[in-house]
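Step one of this worksheet: look at the structure below.
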Amino acid sequence: MFRDGVKSGTAIAIGYAPVALMFGLLAKSTGLTLIDTTLMSMIVFAGAAQYISLNLLSLGTGPFEIILTTFILNIRHFLMSASLHEKAEHDALWKKALYAFGITDETFSVAAMKEGTVSASYMFGLISISYSSWVVHSAIGHIVGAYLPETVQIGLSVALYAMFVGLLVPAIKTERKALWLAVCSGLMNSALLLWLNVPKGWAIVISTIVSAICMQWIVEKGKEAEYVR
């Protein structure tokens, strides 16, 4: 079963390679050392959270705000783990706790689509190859970044913002709510920074949470209005 998991995770490992390489490059341009970059990939193992952490670090955000922001971003992992638990075979609790660390959007999707149940050995195979690819290529990206010209390294910091724009545009095309959420959170973040002098880290956290709550409330009210009609 471990071998089956490795086979299933090969495509994920290949897909992780370029993303992890870019993370390593951006981490180098942000000022992280090779050890910092590698440890972040080893301990966090969450692409979007790590990219956002780089952005927050470049803004001088404090540790607590970064942890809180990434926690909010990754809260969906509770739902994925609960869903996968229903599909998992009866294994020792420590085994489930261990492979739960490696659940990402991609590994969850592969495990969830597998016919029948999933065992701990299958999950360890699936996650081990995905995890190894992410960590190794993050380190390689940082090493490669060290040999790039300084002007290119500085330019990579701009690529971080370009990447977030690239992630936002497809969401806007499929759902208008994403556009309004981005606009509201951006305006609120600017207001908190310019008028209330809220620290950068807390401004991001507050604007994200408040905007998400308000937008969801507006959506629910809209659904209620449609239902009444």
Side-chain angles (χ1 to χ4, degrees), residues 5-6 8-77 80 98-110 123-170 199-201 204-205 208:
V6 172
S8 299
T10 301
I12 298 176
I14 295 172
Y16 276 175
V19 184
L21 284 169
M22 179 56 70
F23 168 75
L25 289 168
L26 292 174
K28 174 68 176 65
S29 67
T30 305
L32 269 64
T33 65
L34 176 60
I35 295 176
D36 294 334
T37 303
T38 307
L39 281 176
M40 181 183 283
S41 288
M42 290 177 66
I43 297 171
V44 180
F45 186 42
Q50 290 181 223
Y51 274 106
I52 287 179
S53 296
L54 288 183
N55 187 28
L56 295 175
L57 284 170
S58 66
L59 294 173
T61 307
F64 181 76
E65 295 96 314
I66 294 175
I67 293 171
L68 182 58
T69 302
T70 52
F71 173 77
I72 295 170
L73 177 67
N74 289 326
I75 204 166
R76 69 188 186 284
H77 285 256
M80 290 192 291
L98 191 59
Y99 73 66
F101 166 77
I103 294 177
T104 63
D105 295 335
E106 294 77 20
T107 56
F108 168 76
S109 298
V110 170
M123 291 301 299
F124 284 136
L126 173 66
I127 290 167
S128 61
I129 187 169
S130 307
Y131 178 77
S132 299
S133 175
W134 181 260
V135 174
V136 170
H137 286 97
S138 295
I140 293 174
H142 191 285
I143 294 171
V144 171
Y147 293 96
L148 293 175
E150 186 176 353
T151 53
V152 176
Q153 294 185 34
I154 295 173
L156 283 173
S157 61
V158 179
L160 185 61
Y161 299 99
M163 185 204 67
F164 284 118
V165 173
L167 292 173
L168 180 62
V169 170
K200 291 180 180 178
I204 294 173
V205 173
T208 300

Query - Geometric class of the Phe101/Phe45 ring pair [parallel <30°, tilted 30-60°, perpendicular >60°] - result: tilted
Rounded at 0.5 Å granularity, tell me how far [atom1] in [X] sits from [atom2] in [Y].
| X | Y | atom1 | atom2 | value |
| --- | --- | --- | --- | --- |
| Thr30 | Asn55 | OG1 | CG | 8.5 Å |
| Ser138 | Leu26 | OG | CG | 10.5 Å |
| Ile103 | Ser109 | CD1 | OG | 11.0 Å |
| His142 | Ser29 | NE2 | OG | 9.0 Å |
| Leu54 | Met40 | CG | CE | 5.5 Å |
| Ser130 | Ile14 | OG | CD1 | 10.5 Å |

Query - Thr70 (side chain) donor-acceptor with Ile67 (main chain) under 3.5 angstrom - result: yes
Query raised in the report: Does Phe23 offer a backbone N or O that forms a donor-acceptor pair with the side chain of Tyr51 under 3.5 Å?
Result: yes
Query raised in the report: Can you tell if the side chain of Trp134 reaches within under 4.5 Å of the side chain of Met42, non-hydrogen atoms only?
Result: no
Query - Sub-4.5 Å side-chain heavy-atom contact between Val6 and Leu126 - result: no
Query raised in the report: Of Thr37, Leu39, Thr38, which is the lone residue that meets side-chain contact (heavy atoms from CB on, under 4.5 Å) with Ile35?
Result: Leu39
Requested in this report: Compute whether any side-chain donor of one residue and acceptor of the other, for Gln50 and Ser41, lie under 3.5 angstrom apart.
Outcome: yes
Query raised in the report: Hey, are Thr107 and Thr104 close enough side-chain-wise for a donor-acceptor pair under 3.5 Å?
Result: yes
Report task. Start with the C-alpha distance between Lys28 and Leu34, add both sets of side-chain angles, then the distance that settles side-chain contact (heavy atoms from CB on, under 4.5 Å), and finish with yes or no. Result -> CA-CA 8 Å; Lys28 174 68 176 65; Leu34 176 60; over 6 Å; no
Query raised in the report: For the residue pair Ala49 and Val44, what are the closest heavy atoms and their distance?
Result: CB-CG1, 4.5 Å
Query - Criterion side-chain contact (heavy atoms from CB on, under 4.5 Å) on Leu21 and Val144, from CA distance to verdict - result: CA-CA 9 Å; Leu21 284 169; Val144 171; 5.6 Å; no
Report task. Evaluate the criterion side-chain contact (heavy atoms from CB on, under 4.5 Å) for residue pair His77 and Phe108; output intermediate values, then yes/no. Result -> CA-CA 9 Å; His77 285 256; Phe108 168 76; over 6 Å; no
